[in-house]
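Everything on this sheet refers to the single structure shown next.
Side chains included, hydrogens not; waters and symmetry mates left out as well; all remaining heavy atoms used.
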Amino acid sequence: MSTVAEKLELLKQKNAHVNLGGGKEKLEAQHKLNKMTAHERLHLLYDRGFYDELFRFIRHGATSFGMADRDLPADGVVTGLGAIGGRLVYASSQDFTVMGGSVGWMHARKICEIMDMALKAGAPYIAINDSGGARIQEGVDSLRGYGRIFYYNTLLSGVVPQISIIAGPCAGGAAYSPALMDFIIMVKDTGQMFIAGPEVIKQATGEEITAEELGGAFVQAATSGNVHFIARDDADAIEIAQTLLSYLPANNTEDAPSHSTGELLMIEDEELNRVVPDDNRDPYNMFDILHRVFDPNTIFEVHSHYAKNIIVAFARLNGRVVGIVANQPMEKFGAIDIDASDKASRFVRFCNAFNIPLISFVDVPGFLPGVEQEFGGIIRHGAKMLFSFSAATVPKISIVVRKAYGGAYLAMCAKSLGADRVAAWPTAEIAVMGAEGAVSVLYKNEIKGAPDPKRKRKELIEQYQAEFSTPYMAAGKGMVDAVIEPKKTRAYLSVALESLRSKRDLRPQKKHGLIPL
Ligand code: HXC
């Protein structure tokens, strides 16, 4: 029988063994690739001293392919809980040094156990991915492990925020766990994500492409839109996750962390009166408005590389977190296309699920016309925006800056979609369509029969613009609450947001709505 001292020594040895993961050589190889180890990532993620690892002595139970004798410390994934900015967060961090961070049954069970704890505690969950995917030796056991992870991702969805960091390979079906989570942060150069890798694609279709071209951070952020944030390295990814969390509530029953002092800072900014150009065809940068309206240095853009014609961002107004959806006239004149619809709808639904008020800034000439857009399903995708804004019960405020035409205006959260407050700038043009298009339909014969059709058309456009491309027709019908000087936008929003703090919007009971996916 061993002594207590010997038992303590054994524990020490076992802990040291687990700390070493796949061994010194593998840890060095990880560092050489500019990657942190699974433990280092969690230590950096959590506040100093506030981190507890769970299930570190888990053992896999596989026996096929010589697995019975294989020792896999922590079964290739470190799991735990701790504080980030003083708030409880659960996390898992795959250890590539242990059999490539591959996912076996116990590895998956550890992850699910942590997710279950996050769910019960009402605390966010962060997954750091660095894995070769399903552990081939464990076959269908690995597959059922993934199934459970996906199931838990779905259970947590809309209850606690879920953030995924891709800091290594994340290939095949494994990519569906991040895809089921709310935000994906990918480390450039080391992170890669795809369903079928370059070799499989070559065999299936003959196409040749490198892994980076296929699933690197930039392509996944800008082209597919799967990734929300690109990180320079592991440390940067962790910092992005920490910043993101600072805007989010712990769960769907709480409000986002407020920095409010109770005071409303109603500064007027004269420069806002000069942002919109005289010619309504000239673009301007919507960020010039946003940065002047919200609290300084609080705008945190999400999905910045994707569908740049629409901006989605978190920000603070008088210390309170809000979600911004804004058209960007510098890209595609701010028109809404398929990708912009998906990007905005997803963000609106996230904000609604987590009690974050929504503020729209509207300058939209319409849904983007084109055969590609129609064939791609702009009707179905655009409908997601109408659905998600209509379904959102958080405070909804819209500022109409310039163009607000047709269905695209509605899709940016018009009064008729349930906006609680709508203010228009004097430069607003709220109309069923742009003057050029309207005149072509209304006065087709008159223009054709005129001695100088070009001149006649120009006259009619100017006439239409003066009468209909203004905020006053809509204001007269109660579609906007107020026409305000741009410089007063912050004050307007401050009062509106404050007055909506106790908003209640009860809807008929149903299992769930059927958003047109
Ligand atoms: C078992 C694996 C593994 C896996 C890696 N390893 N992936 N072991 N199952 N899926 C092991 C390697 O054998 C090696 O072990 C160690 O991890 C490090 O891997 P390397 O290949 O040396 O590293 P690297 O050169 O950096 O390449 C990384 C890699 C490559 C690109 C991820 O390992 C790879 O292609 N792995 C297989 C990927 C794969 O096919 N996964 C299954 C997909 S199917 P040693 O002992 O030599 O150190 C899938 C279905 C999921 O995921 C379905 C869910 C719905």
Using only atom types and a distance under 3.5 Å, with no angle test, would you say the side chain of [X] pairs donor to acceptor with the backbone of [Y]?
X    : Y    : result
Q30  : M36  : yes
Q242 : L45  : yes
S142 : A134 : no
N309 : G334 : no
K384 : R346 : no
E28  : E25  : no
D233 : D236 : yes
S246 : T243 : yes
K396 : F389 : yes
T79  : L54  : yes

Write down the atom of [X], the atom of [Y], and the distance for their closest heavy-atom approach.
X    : Y    : answer
Y306 : K343 : O-NZ, 2.6 Å
R87  : L245 : NH1-O, 3.0 Å
G323 : C351 : CA-SG, 4.0 Å
G377 : I338 : N-CD1, 4.0 Å
P161 : A250 : CD-O, 3.2 Å
S258 : R320 : OG-CG, 4.0 Å

### Query
In terms of the angle between their ring planes, are F300 and Y247 parallel, tilted or perpendicular, with boundaries placed at 30° and 60°?
parallel

### Query
How are the rings of Y51 and Y46 set to each other: parallel, tilted or perpendicular (split at 30° and 60°)?
parallel

### Task
Decide yes or no on ring-ring contact (aromatic ring centres under 6.0 Å, His included) for F350 and F183, but give the supporting numbers first.
CA-CA 10 Å; F350 178 85; F183 299 100; 4.8 Å; yes

State, with a plain yes or no, whether a side-chain heavy atom of [X] is found less than 4.5 Å away from one of [Y].
X    : Y    : result
N352 : R349 : no
E207 : T205 : yes
I163 : I185 : yes
V18  : V78  : no

Does a donor on one side chain sit under 3.5 Å from an acceptor on the other, for [X] and [Y]?
X    : Y    : answer
T210 : E212 : no
H60  : Q137 : no
R421 : S499 : yes
Q94  : H107 : yes
D182 : Q162 : no
H39  : D95  : no

Over 12 non-hydrogen atoms of neighbours within 6.0 angstrom of [atom1] in [X]:
X    : atom1 : answer
E372 : CD    : no
Y176 : OH    : no
I379 : CD1   : no
E6   : CD    : yes
F57  : CZ    : yes
K14  : NZ    : no

Quick check for you: to the nearest 0.5 Å, what is the distance between [X] atom [atom1] and [Y] atom [atom2]?
X    : Y    : atom1 : atom2 : answer
I324 : I399 : CD1   : CD1   : 11.0 Å
I149 : R109 : CD1   : CZ    : 12.5 Å
H305 : T223 : NE2   : OG1   : 11.0 Å
I184 : I230 : CD1   : CD1   : 12.5 Å
L81  : F50  : CG    : CZ    : 12.0 Å
N34  : R232 : CG    : CZ    : 11.5 Å

### Message
Walk me through whether R59 and D75 qualify under salt bridge (Lys or Arg N to Asp or Glu O under 4.0 Å).
### Response
CA-CA 6 Å; R59 281 188 54 81; D75 207 30; over 6 Å; no

### Query
Between K332 and D337, is there a salt bridge with N-O shorter than 4.0 Å?
yes

### Task
Identify whether the distance between the nearest side-chain nitrogen and carboxylate oxygen of R56 and E53 falls below 4.0 Å.
yes

### Task
Let me know which of D234, D189, D130 forms a side chain to side chain donor-acceptor pair (under 3.5 Å) with K35.
D130

### Query
Of the options S92, S164, S177, which is the one that meets N129 in a side chain to side chain donor-acceptor pair (under 3.5 Å)?
S164

### Task
Starting from the C-alpha separation in whole Å, work towards a yes-or-no answer on side chain to side chain donor-acceptor pair (under 3.5 Å) for S102 and R135.
CA-CA 5 Å; S102 55; R135 188 175 295 154; 3.0 Å; yes

### Message
As a quick check of understanding, evaluate side chain to side chain contact (heavy atoms under 4.5 Å, CB included) for E113 and I58, giving each step before the final call.
### Response
CA-CA 12 Å; E113 202 69 46; I58 280 278; over 6 Å; no

### Derivation of the side chain to side chain donor-acceptor pair (under 3.5 Å) call for H228 and E301
CA-CA 9 Å; H228 300 84; E301 194 183 2; over 6 Å; no

### Message
If you apply the rule ring-ring contact (aromatic ring centres under 6.0 Å, His included), what do you find for F314 with F294, and how did you get there?
### Response
CA-CA 10 Å; F314 295 109; F294 294 95; over 10 Å; no

### Task
Would you please indicate if the ring centroids of Y152 and Y125 are separated by under 6.0 Å?
no

### Task
Test side chain to side chain contact (heavy atoms under 4.5 Å, CB included) on R148 and W105 and set out the steps.
CA-CA 10 Å; R148 290 314 285 169; W105 173 238; 4.1 Å; yes

### Message
Run D71 and H17 through side chain to side chain donor-acceptor pair (under 3.5 Å) and show every step you take.
### Response
CA-CA 10 Å; D71 167 41; H17 180 65; 2.5 Å; yes

